[in-house]
Amino acid sequence: MREFLTYLVNGLAVGCGFALVASGLVAVHRVTGVVNFAQGMFAVVAGLSGSWLLGAGVPHGLGEAGAVLIATLAGLLTGVLAIGRRGTTPQSSLIITLGAGVLAYAVEIVVWGDQPRSFPGLPGSLTIAGVGVQRQHLLVIAATAVTIAALAGFFGRTYLGKALSACASNPYAARVIGIDVRKMGLLAFALGGLLGGVAGVLVTPLRPISFDTDVALIVNGFAAAVFGALTRPGLALVGALLLGVAESLAAGYGYGAYQTEIALGLMLVIMVLQSARRPTVLGETV
């Protein structure tokens, strides 16, 4: 039982990292209608930047904040490339984000090298119900809960958040009432970079990060975001936690070589069952 609880807490922490990546995908898609396949790259940039800044002697706190800022700027730059030109379709923007993510590989190798990097998180552990829990795990879980709640409140209760959502649901009407759709889209990409950056600085102390770590992050983050229909951060969080726990349990009980496949297979089954329960009208899903 103690082993199970240990794997569970570890899976929740890893799932929270996936959730932050998924929330960035949700934020960009809700505003622009674009699936940002460069989202995992923002977490990698933040993790590598954090390792570099802390290694250069920048104090903790400032180093992580600087890494998140760099990831936010990377998100803004990706937005300029993807939607900066008027008339670019969401499909074209998707391809541009995919290309930006691949290009980032070369930049990351040149700047930080191709070896995995990490940096220390919160030291020590706490004993909860007889189970030793790392403080960094608790920090990841708490920070993710606060971030997801703030994101949901931002989109659901603030004028700026509603204006951002309006840009995707009806861009023409948004322009008519004076909303600059392009600027809102760039803001959404910057927000995606910020969320990815938070994921990077929280998860890197738990798992060393390298230039190609974004593949696992975007696959799991995208699966979680799809679970939330690419619009609902709360459901994306649930999906991400299921993925993280499934991967942790699979690795803990001897199926580490197949942990990603097991987790994604579970997510596929859940999404199929979820879609089958949706009400239909005239044979179409509503």
Side-chain angles (χ1 to χ4, degrees), residues 9-25 36-78 100-125 133-144 146-147 189-221 240 244 247-248 251 259-260:
V9 173
N10 181 67
L12 290 175
V14 172
C16 284
F18 297 155
L20 289 168
V21 173
S23 64
L25 284 164
N36 178 22
F37 279 112
Q39 185 65 39
M41 175 263 289
F42 305 147
V44 172
V45 167
L48 295 175
S49 298
S51 175
W52 169 62
L53 290 170
L54 294 173
V58 178
H60 275 286
L62 288 178
E64 287 86 348
V68 172
L69 177 60
I70 292 173
T72 303
L73 294 175
L76 179 60
L77 177 59
T78 303
V102 174
L103 177 62
Y105 279 15
V107 176
E108 289 159 2
I109 291 174
V110 169
V111 176
W112 294 291
D114 59 356
Q115 297 303 308
R117 287 173 171 256
S118 185
F119 55 83
L122 285 181
S125 60
V133 179
Q134 294 182 34
R135 294 178 184 272
Q136 184 67 24
H137 284 153
L138 297 177
L139 174 63
V140 173
I141 294 170
T144 301
V146 171
T147 301
F189 269 92
L191 178 60
L194 185 149
L195 292 168
V198 172
V201 298
L202 289 175
V203 172
T204 300
L206 303 178
R207 290 184 172 186
I209 203 163
S210 63
F211 71 95
D212 58 352
T213 305
D214 67 321
V215 175
L217 290 172
I218 193 60
V219 168
N220 287 282
E247 286 194 11
S248 180
Q259 61 182 22
T260 301

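- Arg117 contributes a side-chain N or O that, together with a main-chain N or O of Trp112, makes up a donor-acceptor pair within less than 3.5 Å.
- To the nearest 0.5 Å, atom CZ of residue Phe42 and atom CD1 of residue Ile218 are 9.0 Å apart.
- Residues Ala67 and Leu53 share a closest heavy-atom pair of N-CD1, 3.8 Å.
- Here the shortest heavy-atom pairing between Ser118 and Pro208 reads CB-CA, 4.1 Å.
- With hydrogens and angles ignored, the 3.5 Å screen pairs a side-chain donor or acceptor of Thr213 with a backbone N or O of Ser210.
- Rounding to the nearest 0.5 Å places CZ of Phe119 at 13.5 Å from CH2 of Trp52.
- Expressed to the nearest 0.5 Å, how far CD1 of Ile209 lies from OG1 of Thr204 amounts to 4.0 Å.
- A donor-acceptor pair is defined here as one N or O able to donate and one able to accept, closer than 3.5 Å; such a pair exists between the side chain of Thr72 and the backbone of Val68.
- Under the 3.5 Å distance criterion, the side-chain polar atoms of Gln136 are matched with a main-chain donor or acceptor of Leu122.
- Minimum heavy-atom separation, Gly101 to Ala38: N-CB, 4.2 Å.
- Between Phe211 and Tyr105, the two ring planes are perpendicular [angle over 60°; tilted spans 30° to 60°].
- Counting heavy atoms from C-beta on, the side chains of Leu195 and Val21 never come closer than 4.5 Å.
- No donor-acceptor pair under 3.5 Å is formed between the side chain of Gln134 and the backbone N or O of Gly124.
- No side-chain donor-acceptor contact under 3.5 Å links Ser49 to the backbone of Ala46.
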Query - side-chain contact (heavy atoms from CB on, under 4.5 Å) between Leu12 and His137, worked out - result: CA-CA 8 Å; Leu12 290 175; His137 284 153; over 6 Å; no

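- With values rounded to the nearest 0.5 angstrom, Leu69 atom CG is found 13.5 Å from Glu64 atom CD.
- Rounded to the nearest 0.5 angstrom, Leu48 CG and Met41 CE are separated by 11.5 Å.
- Between Val203 and Gly17, the shortest heavy-atom contact is CG2-CA, 3.7 Å.
- Shown here for Pro120 and Pro205, the closest heavy-atom pair between the two residues is C-CB, 4.2 Å.
- Counting all heavy atoms, side chain and backbone alike, Gly63 lies closest to Val58 at N-CG1, 3.5 Å.
- Using a distance-only test at 3.5 Å, with no hydrogens or angles considered, a donor-acceptor pair links the side chain of Thr144 to the main chain of Val140.
- Of the inter-residue distances, the one linking Leu25 atom CG with Gln39 atom CD reads 5.0 Å to the nearest 0.5 angstrom.
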